[in-house]
Amino acid sequence: MPNRLFPIRRLIEGAAALLLLNAQPAMAGPYAPYAVTPGETAVGTMLDAAGGAPGGDRAAMLASIDALPTAAARADALGQLSPRSYSLLPRLSIQSMDAADREIRSWLAERRSIAIDAPADVPASGDRTITMMLSGGIKQASYKARVDRPEAESDSRSLRFAMDVKPVPGLIVGATLGIDGIDARLDPARRPRISQFNSQIGSYASYGDGRFYVDATAAYTLSEYKLRRQIGWAGFAGRMVAPVDGDGWAASGEAGAMLRAGPVRMQPFAGLHYRYADVSGFVENGGPAALEVATFRTKSLRGALGARLSANVAQGGWTLRPSVEAQWQRELRSRPDSRIEARFSTRDLPIFTLRPTRLARDAGLVNAGISATWNNRTTFRLGYAGEFSSDRHVHAAALTVGRRF
């Protein structure tokens with residue numbers, strides 16, 4: 001009798017084990033075959049490599065992906081789990097550095113034009129040549145979506161103060177302070193937002209002998225971000241928040257000629273612009289899709305060729321000076337943006353990597369403005385600056401007031 005019961009007992013135990021196995025939550029998949037982009041593949045491969053059965057909210061999130069009706073929907077969900085929404089963060093900081101640098105160099109060009117036409121009773125150097133400048137500006141930028149990079153739009157407001165002296169004829173040495181607030185909206189379908197506040201301190205110098213000139217600028221930027229990322233698909237939604245900081249450095253050099261034909265001034269020039277911006281590592285708060293992201297950065301080195309054209313129109317004590325500028329810039333680094341390493345903040349799954357799609361290497365920049373100078377000492381300038389490339393447009397307007405003492 002015992003020999004007959006033994007196979008029956010084994011059969012019962014096997015059936016019970018099978019029922020228990022089926023009752024356990026299991027990670028469906030594989031997910032990687034649904035991926036379309038490298039970033040989606042990285043997330044899918046990470047989930048497939050985890051093995052075992054997830055628990056709690058993670059299981060519900062993955063079950064909602066499994067329940068999506070199409071492969072495209074599952075691929076989109078994998079992309080949302082990546083840090084692609086943050087790929088442009090260093091670029092927003094560089095956008096602020098570029099705007100500040102262009103304001104200072106436009107001001108130096110204005111100073112050169114004033115100096116050329118200054119009457120003999122305006123001193124060339126000494127205590128009476130201290131100049132102060134106050135500038136306020138607004139900027140709007142749009143970035144087109146690319147592989148593993150969402151569409152983005154940003155608006156910003158800035159305020160800048162500068163003071164310089166002319167210790168010897170032809171030489172200007174100055175320092176500048178500025179602040180810049182940026183509000184960026186990423187991926188219009190889900191509207192994640194980034195609030196960024198930049199504080200900048202820098203210095204500049206310019207030397208001209210009436211025929212040639214050389215400009216140099218350098219600045220340090222401290223960036224503070226508040227990140228808000230929203231994701232969602234049928235059966236799942238999440239909202240993540242993270243405070244983040246970062247910093248950056250900017251340096252530019254420019255050299256050109258100063259040509260004059262009656263009231264018209266022309267300045268052909270060549271320049272080199274270095275930018276560095278990083279985003280410190282951070283951990284999101286907010287559910288099973290929250291990420292832990294390591295420090296990532298952008299290093300950019302751009303060459304530039306261009307020319308400025310201006311004309312002076314005197315009317316009584318006033319001098320009106322319309323000006324235009326055009327230049328071409330090219331990124332010289334083959335890979336300016338670093339990869340982004342991330343993992344789920346629970347740290348129970350492997351690290352995966354996102355390689356951001358870099359911005360287009362070539363861009364055209366234009367400046368246009370009009371200034372009014374009273375008695376060669378007080379200047380009001382209204383200017384526009386634009387950057388145009390195949391994947392981005394940046395527009396800026398600034399009002400500048402300067403006074404020579």
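Side chains of Arg229 and Arg84 form no contact here, defined as non-hydrogen atoms less than 4.5 Å apart. Proximity of Pro350 to Arg343: side-chain heavy atoms (C-beta onward) are nowhere separated by under 4.5 Å. A heavy-atom distance below 4.5 Å is not found between the side chains of Ser310 and Met266. Considering only heavy atoms from C-beta on, Leu62 comes within 4.5 Å of Tyr31 through its side chain. The shortest distance between side-chain heavy atoms of Leu108 and Glu110 does not fall below 4.5 Å.
Atom CZ of Arg347 has 12 or fewer neighbouring heavy atoms from other residues, nucleotides or ligands inside a 6.0 Å radius. In this structure, Arg339 places its CZ atom where only 12 or fewer heavy-atom neighbours from other residues, nucleotides or ligands lie under 6.0 Å away. Within a 6.0 Å sphere centred on CG of Leu134, other residues, nucleotides and ligands contribute more than 12 heavy atoms.
In this structure, Trp318 and Phe380 have tilted ring planes: the angle between them lies in the 30° to 60° band.
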From CA spacing to verdict: side-chain hydrogen bond (donor to acceptor under 3.5 Å, both in side chains), Thr373, Thr379
CA-CA 4 Å; Thr373 302; Thr379 299; 3.1 Å; yes
Chi angles and distances behind the side-chain hydrogen bond (donor to acceptor under 3.5 Å, both in side chains) call for Glu103, Ser135:
CA-CA 8 Å; Glu103 286 183 21; Ser135 177; 3.1 Å; yes
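Taking every heavy atom of both residues into account, Leu291 and Ser82 meet most closely at CD1-C, 3.9 Å.
Between Thr400 and Trp107, the side chains place no donor N or O within less than 3.5 Å of an acceptor N or O (distance only, hydrogens not considered). In summary, the side chains of Ser93 and Ser223 do present a donor paired with an acceptor at a separation below 3.5 Å, with no hydrogens or angles considered. Between Gln196 and Asn198, the side chains place a donor N or O and an acceptor N or O closer than 3.5 Å (distance only, hydrogens not considered). Side-chain contact, Tyr384 with Asn367: no donor N or O sits under 3.5 Å from an acceptor N or O.
No cation-pi contact links Arg149 to Tyr143, judged by a cut-off of 6.0 Å to the six-membered ring centre and 45° from its axis. Relative to the six-membered ring of Phe344, Arg58 meets both conditions, a distance below 6.0 Å and an angle of at most 45° to the axis.
To the nearest 0.5 angstrom, Leu382 atom CG is 8.5 Å from Ile370 atom CD1. With rounding to the nearest 0.5 Å, the separation of OG in Ser371 from CG in Asn312 is 8.0 Å.
Aromatic ring centres of Trp249 and Tyr220 lie closer together than 6.0 Å. Taking the six-membered ring for Trp and the full ring otherwise, the centers of Phe282 and Tyr86 sit less than 6.0 Å from each other.
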